[in-house]
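For ligands, and for the atoms within them, numbers begin at 1 and follow the listed sequence. Just the heavy atoms: all of them, side chains too, but no hydrogens, waters or symmetry mates, feed the values below. Each residue takes its place number in the sequence, starting with 1.
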Amino acid sequence: MHDSVLSVTAPASGVRGTVSVPGDKSISHRALILSALAQGTSTITGLSRGEDPAHTRGVLEQFGVEFLDQADGTVTVRGGLRHEPVDVLDCGNAGTGIRLLSGVCAGYPGLSVLTGDQYLRQRPMDRVAEPLRLMGAGVDARDGGRLAPLVIRGGDLSGITYEIPKASAQVKSCLLLAGLSAQGPTTLIEPHPTRRHTEEMLLAAGTRVEIDGTAVTVHPGLLSPAEHTVPGDPSQAAFWAVAAALAGEIELPNLYLGFGRADFLNILRRMGADVRVEESTGSVRVVAAPLRGVEITGADVPGIVDEIPVLAVAAAGAEGATVITGAEELRVKESDRVASTVAMLTVFGVHAEERPDGMVIHGRGDAAFTSGQVDSAGDHRIAMAAAIAAVARTNGQTTISGWGSVATSYPGFIEHLVAVSGATVNLAS
Ligand code: S3P
């Protein structure tokens, strides 16, 4: 499926409607992992049905964790890692999965081998391997310790104080999870604050976690079971928010709008979009307005790290240039997102240039985008950003190859695209 091609022809009447996005992917991974580690039975409602969390569940099943799907969509989890994994652990395309699970494996006294698909096997794993080794885990990996498969001999960890070199919630979360079974506290210091799901959910599970500015400390301990309710994924909502900002009006109910996840709304506001937020319900309404280019710098990046491809589409439909710097981390995402975003925009007739740590996008203002053939580079967010550009600003037919990657995070995306835009779509394998 990962090489399927979506063609999209938009009726040029803009976008309108309400979109209930899937459960948050980051929180889904964590709900599965914390339920698996808990002493007792947890429930998860609103879990993302993407392939990425499904892989995390599959890995935990190999440790003997039991998951039961209820008829109403709730998943019941009987916690407890019961035995050493019986086979190689396949994390699919999921960077969050492999990095968080490597922390779990490091804490478990046994041997684990973690791997993933061709894209995941090209992404850097030394960022978790090195600090896990400092904690006392045996960690080896391909390419001199840099790339998956990762081989982890876990157990007997000691808490450390560690300065994380590049802002990464995945690295922080990996080490927090490993710290749960270490001797003594583990303190992590971030260069810039990142999303706090792991801290928030560990606290809710009764763990001692202290946050002090950019430092977080976890104390070892057992987790209580919980009733997890996964809110809507703001990173998926960002696609519709940009479509609305460029070409209509969309309501997005029930989103997670907590720390480090809703910053894309501020960027859209800075661009001139009409964004209204109802904090109490997590509802967001975005209405089109003339957009202008903005500057995005390194301090902004951790808060919008997954939204940059679609914010780049907003920038392409703005008046003036948008300059993004301090975003070199984009080069090691599901694809090199500096290169793949610029290549995608170029297909739409947008003048965009790569920089080592970001990009410059020369907005087309009101002018329509051209149509053409986009290569998603196997990256779900590039594929979906291209589909948004197609329905918001083109008149012809856009084709997007590598569409199958969208199943990793947003299996119902096409239905939502058709519902808000009236586009004619065709999916060919
Ligand atoms: C995530 C953290 C971010 C983000 C990813 C999800 C998480 O990755 O890009 O999609 O759930 O912790 P980094 O930690 O590499 O920045």
Step through the shown structure and confirm whether more than 12 heavy atoms of other residues, nucleotides or ligands are within 6.0 Å of [atom1] on [X].
X: Asp156; atom1: CG; result: no
X: Gln183; atom1: CD; result: no
X: Glu163; atom1: CD; result: no

Give, for atom NE2 of His29 and atom CG of Leu100, the distance between the pair rounded to the nearest 0.5 Å.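 The CG atom of Leu100 is 8.0 Å from NE2 of His29, to the nearest 0.5 Å.
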
Please check if the side chain of Lys172 supplies one atom and the backbone of Glu190 the other of a donor-acceptor pair under 3.5 Å.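 Flag not set: sc Lys172 to bb Glu190 has no pair under 3.5 Å.
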
Aromatic ring centroids of Phe239 and His416 under 6.0 Å?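 Between Phe239 and His416, the centre distance exceeds or equals 6.0 Å.
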
Can you check which of [options] brings a heavy atom nearest to [atom]?
atom: atom 10 (O) of ligand 1; options: Val301, Val128, Asp306, Val332; value: Asp306
atom: atom 15 (O) of ligand 1; options: Arg337, Glu329, Lys333; value: Lys333
atom: atom 7 (C) of ligand 1; options: Lys25, Arg30, His197; value: Arg30

Ligand 1 N/O within reach of Val171 N/O, cut-off under 3.5 Å: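 N/O-N/O distance below 3.5 Å does not exist for this pair.
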
Based purely on interatomic distance, does Arg381 place a nitrogen or oxygen under 3.5 Å from a nitrogen or oxygen of ligand 1?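 No - when backbone and side-chain N and O of Arg381 are compared with those of ligand 1, no distance drops under 3.5 Å.
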
Show me which atoms of ligand 1 lie under 4.0 Å from any heavy atom of Ser168.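 What qualifies from ligand 1 is 13 (P), 14 (O), 15 (O), 16 (O).
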
Contact atoms of ligand 1, heavy-atom distance to Thr96 under 4.0 Å: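 Taking each heavy atom of Thr96 in turn, ligand 1 has 1 (C), 5 (C), 6 (C), 7 (C), 11 (O) under 4.0 Å.
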
Proximity to ligand 1 by part of His29, non-hydrogen separation under 4.0 Å: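 Neither; nothing of His29 gets under 4.0 Å from ligand 1.
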
